[in-house]
There are 2 protein chains.
Amino acid sequence: MAVTLKDVAERAGVSRSAVSRTFTEGASVSAKTRKKVEKAARELNYSPSFIARSLATSRTKLIGLIANNFQNPVFLEVFDLFTQSLQERGLRPLLVNMTNQNDAEESVQMLKQYSVDGVILASSTMPPEFPQAFMGAGVPVVHAFGRYSPTPDVHVVGIDNIHCGALAAQTLSDHGYKKLGFLGGPQAATSTQDRENGFTSKAAQLGFLDVEVRYARAYAYDAGYNAMTDLLAENKVDAIFCADDLICMGAIDAAREHGVSIPEEMGFIGFNDMAMARWRAYSITTIRQPLTDIILGSVELVVSLLEQPDRAPEARLLPCKVIERDTLRSRPS
Amino acid sequence: MAVTLKDVAERAGVSRSAVSRTFTEGASVSAKTRKKVEKAARELNYSPSFIARSLATSRTKLIGLIANNFQNPVFLEVFDLFTQSLQERGLRPLLVNMTNQNDAEESVQMLKQYSVDGVILASSTMPPEFPQAFMGAGVPVVHAFGRYSPTPDVHVVGIDNIHCGALAAQTLSDHGYKKLGFLGGPQAATSTQDRENGFTSKAAQLGFLDVEVRYARAYAYDAGYNAMTDLLAENKVDAIFCADDLICMGAIDAAREHGVSIPEEMGFIGFNDMAMARWRAYSITTIRQPLTDIILGSVELVVSLLEQPDRAPEARLLPCKVIERDTLRSRPS
DNA sequence: AATATCTTTGCAACCGGTTGCAATAATAAA
DNA sequence: TTTATTATTGCAACCGGTTGCAAAGATATT
């Protein structure tokens with residue numbers, strides 16, 4: 001059924017090795033043989049089997065792409081960028097959905113069985129032992145959107161969430177708000193912890209006495225809506241840093257239903273700059289995370305790890321910036 | 001480095017075949033040997049190589065998951081469901097991003113090289129020759145969200161878009177609107193064509209004289225916003241069927257900016273019932289597509305095709321229903 | 001106890017490539 | 001032209017499993 005090396009070799013009147021070599025980068029074949037082989041291959045519509053090649057070379061060109069967040073639309077953008085840039089490099093993403101996985105072991109096992117060449121973890125909300133588990137499998141691992149550490153034990157490409165929190169505090173302050181609040185995602189998420197820390201300490205430094213801190217149950221619209229509804233009843237804040245745009249949209253809708261005007265009575269700054277942040281109904285001022293750079297960086301890193309698997313883990317941080325739209329009143333002059 | 005069959009066999013004091021058999025479904029091994037082998041395997045932390053197994057059995061358990069739409073958030077839900085249900089069956093999704101691909105051949109080639117067991121195309125906006133190309137590769141293909149045909153040449157699991165269009169017309173009529181409009185996605189998309197047909201013919205049947213038909217340049221917010229802005233200037237309609245919720249949100253925002261009140265002055269019905277349709281800022285009345293059923297159906301179908309690859313192509317249609325929210329005024333009594 | 005039947009086991013070939021090594025061919029140097 | 005050097009080629013072993021087949025072992029039948 002399938003046409004193999006052997007068929008091509010016979011047709012071209014050469015040995016199997018010759019055929020193999022014409023399909024291998026930088027192998028030694030004369031122009032003449034190459035010609036013959038290519039002709040035969042074309043006529044038979046032959047294409048080499050990656051499976052067989054993988055077995056022989058123990059390189060599969062498969063990259064495990066592991067995610068546990070299929071709710072937040074930014075991840076669609078993330079998948080788009082990952083798949084495209086992997087494809088461009090001749091690599092293939094084997095997608096793993098860890099949403100309902102309380103145990104990383106199973107996924108690790110599975111990736112080992114497929115002998116993926118490398119693994120990219122795409123998530124900030126991941127129990128710290130997960131990266132470890134993948135790390136332990138002896139496969140190059142890059143944790144995209146991972147937490148910064150000066151001495152990471154796994155390669156990380158991401159952002160400085162603490163600095164982002166500070167950026168948010170500074171921005172709210174600049175725009176003349178007086179009573180700041182933080183609305184995080186799940187308290188267990190390191191991204192929320194870091195953004196909160198950065199936010200509250202910068203706020204303190206800027207002279208804000210106390211900052212109201214709340215958590216949404218998830219990085220999700222409803223969670224933001226509910227948390228904000230509670231917060232509104234207490235009338236404690238006039239500006240909020242939401243740790244995610246989705247949360248921010250929920251919060252904004254809650255505020256509007258409560259009759260508060262945005263940005264005059266209450267200011268909002270979000271996080272991510274997802275596509276929807278631009279929608280007219282929201283037009284959120286938000287902190288943009290350099291998605292493309294993070295992803296290209298992760299892919300590049302994993303590719304270079306294929307060559308030198310033992311490079312010491314590094315953390316690569318990329319800068320975020322504030323995108324000003326319409327949920328903050330204009331700066332006082 | 002990696003521990004193989006041979007290592008386990010030696011340690012357990014049995015033949016390689018014995019080890020292979022204890023790891024193969026329904027092979028004949030005595031309880032005693034199985035015990036020994038499992039012990040040895042555990043001690044060595046052995047797990048069989050899928051690559052080697054694939055080579056021997058010519059079954060990879062890899063399913064090509066092909067998509068060309070990474071802009072519409074519903075697809076995140078689609079990926080979530082696909083990956084989960086494939087995983088549950090011990091299959092693995094090899095994700096292919098055809099966004100920038102004008103030629104299917106390359107992807108077909110690639111999937112052939114990885115010898116995927118089957119392929120799922122997840123898209124409605126796909127040139128008809130693509131399914132053909134994948135079909136031609138001699139691999140089971142299921143076209144999820146594909147177009148209905150009584151005599152399909154590739155397996156299809158999807159919805160009856162013509163009927164959905166009719167449903168929309170009926171609904172707008174029921175709610176007392178008089179001047180109907182259709183706002184589609186790209187005119188080349190079969191899903192738009194079918195929804196339009198169903199909509200206009202049902203409208204005609206219900207006595208609507210002429211229906212305004214427009215197309216957004218893409219299934220996207222901005223496209224909907226722009227198309228609606230144009231349409232509003234002409235003041236021709238009082239109710240619109242948008243062929244996608246994203247388009248609908250753009251259109252709604254355009255209408256609001258134009259000062260028209262929803263649902264009194266203008267009614268909207270969307271399509272998909274994506275998560276955002278529920279957001280308070282929109283709360284769109286929309287036609288729900290049974291995503292979960294389509295996906296489970298597609299996976300089931302592809303699985304059954306693994307057993308009987310030559311089953312005649314069938315088209316499986318699943319019912320949609322209207323989800324009433326707040327973008328249509330209440331029915332006249 | 002001897003024979004028939006059913007399981008379990010190991011051997012060895014095979015899946016479709018890659019690659020080190022030695023033999024051969026082509027080219028350069030003397 | 002002969003010899004030294006380099007480039008190409010084929011052989012055969014290997015990657016890590018699976019599986020048909022025949023031999024050996026267990027169990028059932030008479």
Side-chain angles (χ1 to χ4, degrees), chain A residues 1-38 40-41 44-62 90 109-117 138, chain B residues 1-38 40-41 44-62 90 109-117 138:
Chain A
M1 155 113 217
V3 19
T4 75
L5 253 196
K6 194 150 151 277
D7 305 322
V8 179
E10 279 166 8
R11 171 152 207 143
V14 297
S15 74
R16 293 163 58 226
S17 337
V19 180
S20 170
R21 290 191 177 107
T22 64
F23 287 99
T24 317
E25 284 297 279
S28 151
V29 238
S30 68
K32 187 149 34 108
T33 348
R34 154 156 279 138
K35 216 54 148 213
K36 279 194 292 185
V37 171
E38 279 172 348
L44 296 172
N45 186 25
Y46 165 78
S47 62
S49 152
F50 280 15
I51 300 289
R53 172 177 295 174
S54 301
L55 184 58
T57 61
S58 37
R59 282 293 192 100
T60 56
K61 306 221 158 201
L62 251 27
Q109 194 71 7
M110 185 257 119
L111 289 167
K112 229 174 89 189
Q113 294 187 322
Y114 274 107
S115 30
V116 295
D117 288 346
Chain B
M1 156 111 215
V3 19
T4 75
L5 254 196
K6 190 147 154 282
D7 305 323
V8 179
E10 277 164 11
R11 173 153 205 145
V14 297
S15 74
R16 293 162 58 225
S17 337
V19 179
S20 171
R21 291 191 175 108
T22 64
F23 286 99
T24 315
E25 285 296 280
S28 151
V29 238
S30 69
K32 186 148 36 103
T33 356
R34 153 155 280 139
K35 214 55 149 212
K36 279 194 294 187
V37 171
E38 280 172 347
L44 294 173
N45 185 26
Y46 166 78
S47 61
S49 152
F50 280 14
I51 301 287
R53 172 177 295 174
S54 301
L55 184 57
T57 61
S58 38
R59 283 293 194 100
T60 56
K61 304 221 160 203
L62 249 29
Q109 194 69 6
M110 184 257 119
L111 289 166
K112 229 174 90 189
Q113 294 187 321
Y114 274 108
S115 31
V116 295
D117 288 347

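Letters go in sequence order (proteins before strands), and every chain restarts at 1.
A:K112 has its side chain within reach of B:N45: a pair of non-hydrogen atoms, C-beta onward, lies under 4.5 Å apart. Residues B:V14 and B:V37 are in side-chain contact: their nearest non-hydrogen atoms beyond the backbone lie under 4.5 Å apart. The shortest distance between side-chain heavy atoms of A:R59 and A:S54 does not fall below 4.5 Å. Residues B:T60 and A:Y114 form no side-chain contact, since every pair of their non-hydrogen atoms from C-beta on lies 4.5 Å or further apart. For the pair B:L62/B:F50, no side-chain contact is recorded, criterion being any heavy-atom separation below 4.5 Å from C-beta on.
What separates NZ of A:K6 from P of D:dG10 is a distance of 16 Å, to the nearest Å.
Residues satisfying the side-chain hydrogen bond (donor to acceptor under 3.5 Å, both in side chains) test with B:T22, not counting sequence neighbours, are none.
If you find the closest nucleotide of DNA chain C to B:V14 and to B:A56, the one lying nearer the 5' end belongs to B:V14. Of the two residues contacting DNA chain D, namely A:A52 and A:A18, the nearest-nucleotide position lying further toward the 5' end is that of A:A18.
From the 5' end on, the contacts that DNA chain C makes with chain B at under 4.0 Å to a non-hydrogen atom open and close at C:dT8 to C:dG16.
The closest donor-acceptor contact from the side chain of B:S49 to the backbone of A:Q113 lies at 3.5 Å or more, if one exists at all.
In this structure, A:T57 reaches the sugar-phosphate backbone alone: every heavy-atom distance under 4.0 Å involves primed, P, OP1 or OP2 atoms, never a base. At a threshold of 4.0 angstrom between heavy atoms, the contacts of A:S20 include nucleobase atoms, whether or not backbone atoms are also involved.
If you check the side chains of A:S20 and A:S17, you find no donor sitting under 3.5 Å from an acceptor.
Listed by residue number, the members of residues 28-35 of chain A with any heavy atom below 4.0 angstrom from DNA chain D are A:S28, A:V29, A:S30, A:T33.
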